[in-house]
Amino acid sequence: MKLTLSEPRLLVEPISVISELVNEVQLKIDKEKIEIAAIDPANAAMLVFKLLNSAFTDYTIEKPVTIALSLDSLKAVLRRAKPSDVLKMELDKDKNRLKIQIKGESTRTFNLALIDIEEKQQKIPDLKFSAKVETPTAIFEEAISDMDVVGESVTFCIDKNRFIMEAESNLNDARAEIDNDKETTVNCNSTDAVKSKYSLEYLKKIVKGGKLSKKVTIQFGNEYPLKISYAVKDKLSLETILAPRVQTD
């Protein structure tokens, strides 16, 4: 296995976001892509990351392989890469290590030990969403930050082609409205308002994926899981599925 990535950010930034929620991951590497599917320890969020072979300048895979790594170790190494550097990865089966080489003004080589984690196939759920919003990441991130000022959870709602976010505490409340316009597309296949509540603690971590793309896709339903997606065409996708909060909290 020999992989060369001339845009380190395509791996650096997704791994940084994923590490906010999980500590260890399995990388499934085949001829088409590198894929990570992981669930956080509280079983509240699932992340699915795909980095396509078209993102690489060299992508040589003899046969599919699955390796497990500590995300703290991987993130620490990837952070050493500058945007102008070239990232090379190679599997050393004899030493049970992943060799990462960062080439720029100098050449730096890191060897990360592979780890053993419980072999568990993470099945990606087949969800049917009744509401879908596509909007600039900056607008969405700002709204999440606004809601965080007053509450621990936020209610997402689609009502009359508007995407509404609301948060409240014992004394205060906040509301953000994003209209269907040139920058934002709001779709809903229900004639009634669609509403569901989610944890702001998780959302603050998830929206860091906005570094990857100028647009975010948000999908949800009535008291239903939330799916937040970021994508770079022909290169990568990062999706997070978040369980809803019960309305009694």
Side-chain angles (χ1 to χ4, degrees), residues 1-40 46-124 206 208-214 229-241:
M1 182 191 88
K2 293 183 180 180
L3 313 176
T4 303
L5 191 62
S6 59
E7 292 183 82
R9 77 175 192 92
L10 298 178
L11 187 59
V12 174
E13 292 171 358
I15 290 298
S16 179
V17 176
I18 294 168
S19 68
E20 294 275 347
L21 296 171
V22 296
N23 301 317
E24 301 171 339
V25 293
Q26 287 186 336
L27 282 73
K28 295 185 178 180
I29 307 168
D30 59 31
K31 293 185 181 297
E32 285 78 39
K33 64 189 179 302
I34 296 176
E35 182 176 20
I36 294 173
I39 297 177
D40 83 298
M46 181 177 194
L47 300 116
V48 181
F49 169 60
K50 296 178 183 179
L51 184 58
L52 305 181
N53 58 8
S54 53
F56 294 81
T57 52
D58 179 34
Y59 192 90
T60 304
I61 298 289
E62 294 80 16
K63 60 181 180 179
V65 62
T66 299
I67 60 175
L69 292 166
S70 159
L71 273 186
D72 284 342
S73 298
L74 179 59
K75 181 173 67 171
V77 170
L78 293 178
R79 279 181 172 174
R80 304 307 304 154
K82 299 175 183 177
S84 59
D85 289 340
V86 173
L87 198 66
K88 294 189 173 184
M89 294 181 287
E90 189 172 347
L91 189 60
D92 187 337
K93 292 183 179 179
D94 293 334
K95 295 183 179 180
N96 201 38
R97 293 173 183 268
L98 177 67
K99 177 182 175 182
I100 299 178
Q101 192 176 75
I102 301 172
K103 299 191 72 173
E105 295 175 348
S106 63
T107 300
R108 292 155 287 158
T109 303
F110 303 86
N111 291 289
L112 297 183
L114 305 184
I115 61 174
D116 292 321
I117 61 178
E118 184 181 349
E119 184 72 31
K120 188 164 61 174
Q121 183 73 24
Q122 301 293 359
K123 185 177 180 181
I124 302 172
I206 294 168
K208 293 180 180 180
K211 298 176 184 178
L212 295 168
S213 173
K214 293 181 179 180
S229 308
Y230 301 97
V232 179
K233 187 178 179 180
D234 297 327
K235 292 185 178 180
L236 67 80
S237 65
L238 177 62
E239 300 177 344
T240 307
I241 298 169

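Below, all heavy atoms of this structure are taken into account, side chains as well, without hydrogens, waters or symmetry copies. Here the structure is a predicted model, which is why all the values come from computation and not from measurement.
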Sort and list the pairs that fulfil ring pair (Phe, Tyr, Trp, His ring centres under 6.0 Å) and have at least one residue in [range], not counting sequence neighbours.
{"range": "residues 2-27", "answer": "none"}
{"range": "residues 12-38", "answer": "none"}
{"range": "residues 64-94", "answer": "none"}

As an exercise, state the distance from [atom1] of [X] to [atom2] of [Y], rounded to the nearest 0.5 Å.
{"X": "L3", "Y": "M89", "atom1": "CG", "atom2": "CE", "result": "5.0 Å"}
{"X": "L114", "Y": "L69", "atom1": "CG", "atom2": "CG", "result": "5.5 Å"}
{"X": "I115", "Y": "L98", "atom1": "CD1", "atom2": "CG", "result": "12.0 Å"}
{"X": "I36", "Y": "L71", "atom1": "CD1", "atom2": "CG", "result": "6.5 Å"}
{"X": "S229", "Y": "L212", "atom1": "OG", "atom2": "CG", "result": "12.0 Å"}
{"X": "L112", "Y": "L78", "atom1": "CG", "atom2": "CG", "result": "8.0 Å"}

Side chains of residues 47-62: which donor-acceptor pairs under 3.5 Å do they make with residues two or more places apart or in other chains?
unit_1: N53; atom_1: ND2; unit_2: K31; atom_2: O; d: 2.8
unit_1: S54; atom_1: OG; unit_2: D234; atom_2: O; d: 2.3
unit_1: T57; atom_1: OG1; unit_2: T4; atom_2: O; d: 3.3
unit_1: D58; atom_1: OD1; unit_2: T60; atom_2: OG1; d: 3.2
unit_1: Y59; atom_1: OH; unit_2: D30; atom_2: O; d: 2.6
unit_1: Y59; atom_1: OH; unit_2: K33; atom_2: N; d: 3.4
unit_1: Y59; atom_1: OH; unit_2: K33; atom_2: O; d: 3.0
unit_1: E62; atom_1: OE1; unit_2: M1; atom_2: N; d: 3.0

Let me see the working for I15 and V25 under side chain to side chain contact (heavy atoms under 4.5 Å, CB included), right down to the final yes or no.
CA-CA 10 Å; I15 290 298; V25 293; 5.6 Å; no
For residues 5-25, pull every pair meeting salt bridge (charged side-chain N to carboxylate O under 4.0 Å, His left out), keeping only residues two or more places apart or in separate chains.
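Only E7-K235, R9-E13, E20-K208 qualify under salt bridge (charged side-chain N to carboxylate O under 4.0 Å, His left out).
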Under the rule for side-chain hydrogen bond (donor to acceptor under 3.5 Å, both in side chains), what residues qualify as partners of K2, not counting sequence neighbours?
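If we apply the side-chain hydrogen bond (donor to acceptor under 3.5 Å, both in side chains) test to K2, skipping adjacent residues, there are no hits.
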Partners passing side-chain hydrogen bond (donor to acceptor under 3.5 Å, both in side chains) against S16 (at least two apart in sequence or in another chain):
none
Check: V17 and L238 side chains under 4.5 Å, non-hydrogen atoms
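Yes, at least one pair of side-chain atoms sits under 4.5 Å.
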With [X] via side-chain contact (heavy atoms from CB on, under 4.5 Å) - residues at least two apart:
{"X": "N23", "result": "none"}
{"X": "A76", "result": "none"}
{"X": "K63", "result": "K93"}

Looking only at heavy atoms, which two atoms of V22 and I39 are closest? And how far apart?
CG1-O, 3.5 Å
Tightest non-hydrogen contact, residues L236 and P14, listed as CD2-CG, 4.3 Å
Extract all donor-acceptor atom pairs below 3.5 Å that involve side chains of residues 80-88 and protein atoms in other chains or at least two apart in sequence.
unit_1: D85; atom_1: OD2; unit_2: K82; atom_2: N; d: 2.8
unit_1: D85; atom_1: OD2; unit_2: R108; atom_2: NH2; d: 3.1

Please check if atom NZ in K75 has more than 12 non-hydrogen atoms from other residues, nucleotides or ligands closer than 6.0 Å.
yes
